[in-house]
Protein chains: 2
Amino acid sequence: MAHNSPTFSPLYRQIKDLIVRALDAGEWLPGQAIPSEQVLAARFGVSQGTVRKAVDELAAENILIRRQGKGTFVSSHQDPRAVFRFLRLKAISGGPVLPKSQPLECMRAKAGQEAARNLGVGPGSPIVIVRRVLRLDGKPVVIDEMYLAAEVFPGLSLEMLRDWHGSLYSLFESRFGVRMVRATEKLRAVAAEKTVAEMLDVREGTPLLSVERVAYTYGDKPVEWRRGLYSTAEHYYVNELS
Amino acid sequence: MAHNSPTFSPLYRQIKDLIVRALDAGEWLPGQAIPSEQVLAARFGVSQGTVRKAVDELAAENILIRRQGKGTFVSSHQDPRAVFRFLRLKAISGGPVLPKSQPLECMRAKAGQEAARNLGVGPGSPIVIVRRVLRLDGKPVVIDEMYLAAEVFPGLSLEMLRDWHGSLYSLFESRFGVRMVRATEKLRAVAAEKTVAEMLDVREGTPLLSVERVAYTYGDKPVEWRRGLYSTAEHYYVNELS
DNA sequence: TAGTGGTCTAGACCACCCA
DNA sequence: GGGTGGTCTAGACCACTAA
């Protein structure tokens with residue numbers, strides 16, 4: 001093996017890329033099992049240990065899920081345990097939280113400077129803007145505005161959003177084959193403007209948590225830019241540092 | 001090997017615990033190299049591969065740092081790269097941020113209900129309360145109030161805090177041998193009260209980011225509970241989701 | 001050149017799940 | 001019982017660092 005080329009990357013990382021590419025191509029769908037390590041090793045012409053290391057990293061990134069005795073599965077936003085992977089909210093009371101999305105608007109537009117930059121597309125590219133309210137335990141807690149590259153979500157409509165019972169990301173995954181894999185968020189504290197305050201049932205000027213997110217699919221491709229305003233009267237945003 | 005006992009844990013995890021215990025005992029200090037994998041394997045009577053897996057996990061948790069060709073090192077808050085591991089603030093302008101701590105107060109007290117619960121000590125236990133302002137690029141951006149178990153930080157004083165040039169955690173590490181390894185944070189948006197507003201140089205009622213943190217040392221032992229109020233006029237809190 | 005971590009392999013056996 | 005992932009080992013070789 002040539003281990004001294006300038007673009008050297010270890011075998012297991014090449015295997016990892018091949019697996020990601022297969023996932024991106026839809027060879028194995030979310031929730032389904034991928035082939036066993038033995039089979040993958042034969043397919044890629046490497047030892048099982050090398051496949052294992054590749055899968056280990058993908059499992060650490062929550063892209064795959066290993067289940068001893070059963071197999072290795074493509075992680076899915078359909079999985080109820082995955083809901084709070086991207087929704088870092090908990091009730092101050094400590095009780096369980098039942099999120100329910102209430103779509104308000106779904107419209108076509110052209111990308112402005114900021115949206116274009118965050119979505120990695122050219123300015124003026126067609127995008128879809130979605131606005132919705134997220135209710136937790138029946139109360140409005142989050143108001144979101146999402147910007148999506150239109151070509152990735154063809155035919156997305158308000159009816160489709162209204163008819164869907166589940167998380168947005170599970171809809172994206174099921175209907176458009178787009179799996180959100182990673183996201184970065186920027187948090188600030190802002191004052192509620194009048195219209196927002198009414199929707200969240202708080203007084204105008206109430207401090208809200210502003211959460212700006214860029215979400216990526218396989219291959220670190222950005223596909224969603226969103227801004228959420230969280231009412232933190234009865235909920236807080238949790239984070240783990242290490 | 002008895003792999004079927006009810007308290008079964010794999011060898012590499014036992015090795016990991018032994019390494020953590022050695023770290024906790026101060027056998028190897030932050031910034032120093034630990035023995036090579038070969039040496040550790042001989043010491044614990046296992047193969048190098050098993051030590052490697054234990055070290056892999058500790059490196060993933062940012063407790064150890066591997067450097068090819070040099071060795072494996074105990075991670076340290078002295079390392080300038082470690083400053084932003086627990087301070088998730090960036091300038092909106094995108095420029096670099098130079099944090100500087102300005103201690104205000106350091107007093108002894110007895111733990112109330114909440115502090116006791118968060119620090120894992122009995123109510124009434126002696127604690128130290130520290131208040132400080134954190135300046136970024138010269139401007140006051142964060143005001144912190146910290147609650148520390150007194151017996152873990154004997155002799156902590158305002159003078160000591162004032163004389164220290166570096167992060168608080170690097171002080172704790174150098175002077176008291178307490179290394180912060182992990183933390184959980186709860187974020188909310190709140191309105192600035194008068195005294196806080198003055199210190200942060202904002203108007204009363206300005207929305208601030210409230211960050212409540214419990215920090216843990218080796219063995220998941222909580223040793224610090226703090227609440228910070230962040231002015232997010234020119235900075236934001238960053239987070240990675242995966 | 002010697003020592004460190006990093007990669008890759010091959011094989012054995014264990015733990016778990018399911019038919 | 002047979003298949004899956006999980007653990008552990010032993011050995012070879014590569015890549016990086018420092019003296």
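Computed from a predicted model, the values in this text were never measured in an experiment. The basis for the numbers below is simple: all heavy atoms, side chains too, and nothing from hydrogens, waters or symmetry mates. Just so it is clear: chains get the letters A, B, ... in the order the sequence lines come, proteins before strands, and each one is counted from 1.
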**OP:** Indicate yes or no: does A:R227 engage A:E114 in a salt bridge with an N to O separation below 4.0 Å.
**Re:** no
**OP:** Quickly work out the B:F73 CZ to C:dT4 P distance and round it to whole Å.
**Re:** 11 Å
**OP:** With a 4.0 Å heavy-atom cut-off, tell me which residues in residues 12-33 of chain B come close to DNA chain C, sorted by residue number.
**Re:** none
**OP:** Mind calculating the distance between CD (A:E57) and P (D:dG5) to the nearest angstrom?
**Re:** 18 Å
Original post:
OP1 or OP2 of C:dT4 less than 4.0 angstrom from a side-chain nitrogen or oxygen of B:S36, does that happen here?
Top reply: yes
Subject >> Nearest-nucleotide 5' precedence on DNA chain C, A:K70 against A:K53 >> reply: A:K53
Original post:
Between A:T50 and C:dT7, does any side-chain N or O lie under 4.0 Å from OP1 or OP2?
Top reply: no
Original post:
What is the distance, rounded to the nearest whole Å, between atom CG of A:L58 and atom C1' of D:dG5?
Top reply: 15 Å
Original post:
Touch check for A:R67, heavy atoms < 4.0 angstrom, all strands: base, sugar-phosphate only, or nothing?
Top reply: sugar-phosphate
Original post:
Taking only side-chain nitrogens and oxygens of B:R52, does any of them come within less than 4.0 Å of OP1 or OP2 of C:dG5?
Top reply: no
Original post:
Are any of the side-chain nitrogens in B:E57 or B:R13 under 4.0 Å away from the carboxylate oxygens of its partner?
Top reply: yes
Original post:
In whole angstrom, what separates B:R66's CZ from D:dT17's C1'?
Top reply: 16 Å
Original post:
Going by distance alone, is a donor N or O of one side chain under 3.5 Å from an acceptor N or O of the other, for B:E224 and B:Y169?
Top reply: yes
**OP:** Can you tell me the distance, in whole Å, between the CD atom of B:Q48 and the P atom of C:dG3?
**Re:** 14 Å
Subject >> Between B:Y12 and B:D56, a side-chain donor and acceptor under 3.5 Å >> reply: no
Original post:
Atom CG of B:L11 to atom C1' of C:dC13: distance rounded to whole Å?
Top reply: 13 Å
**OP:** Just call it for A:V46: base, sugar-phosphate, or nothing, with non-hydrogen atoms closer than 4.0 Å on any strand.
**Re:** sugar-phosphate
Original post:
Under 4.0 Å: is that the gap between some side-chain N or O of B:T72 and OP1 or OP2 of C:dT4?
Top reply: no
Subject >> Salt bridge A:R182-B:E240, side-chain N to carboxylate O under 4.0 Å >> reply: yes
**OP:** Write down the distance between CD (A:Q38) and P (C:dG11), rounded to a whole number of angstrom.
**Re:** 11 Å
Original post:
Nearest heavy-atom pair of B:V214 and B:P222: which atoms, and what distance?
Top reply: CG1-CB, 3.9 Å
Subject >> Spacing between B:L40 atom CG and C:dG5 atom C1', to the nearest angstrom >> reply: 12 Å
**OP:** May I ask you to say what B:Q68 touches in the nucleic acid, namely base, sugar-phosphate or nothing, with a heavy-atom cut-off under 4.0 Å?
**Re:** base
Subject >> Identified ring pair (Phe, Tyr, Trp, His ring centres under 6.0 Å) partner of A:H77 from the options A:W164, A:F84, A:F86, A:F172 >> reply: A:F86
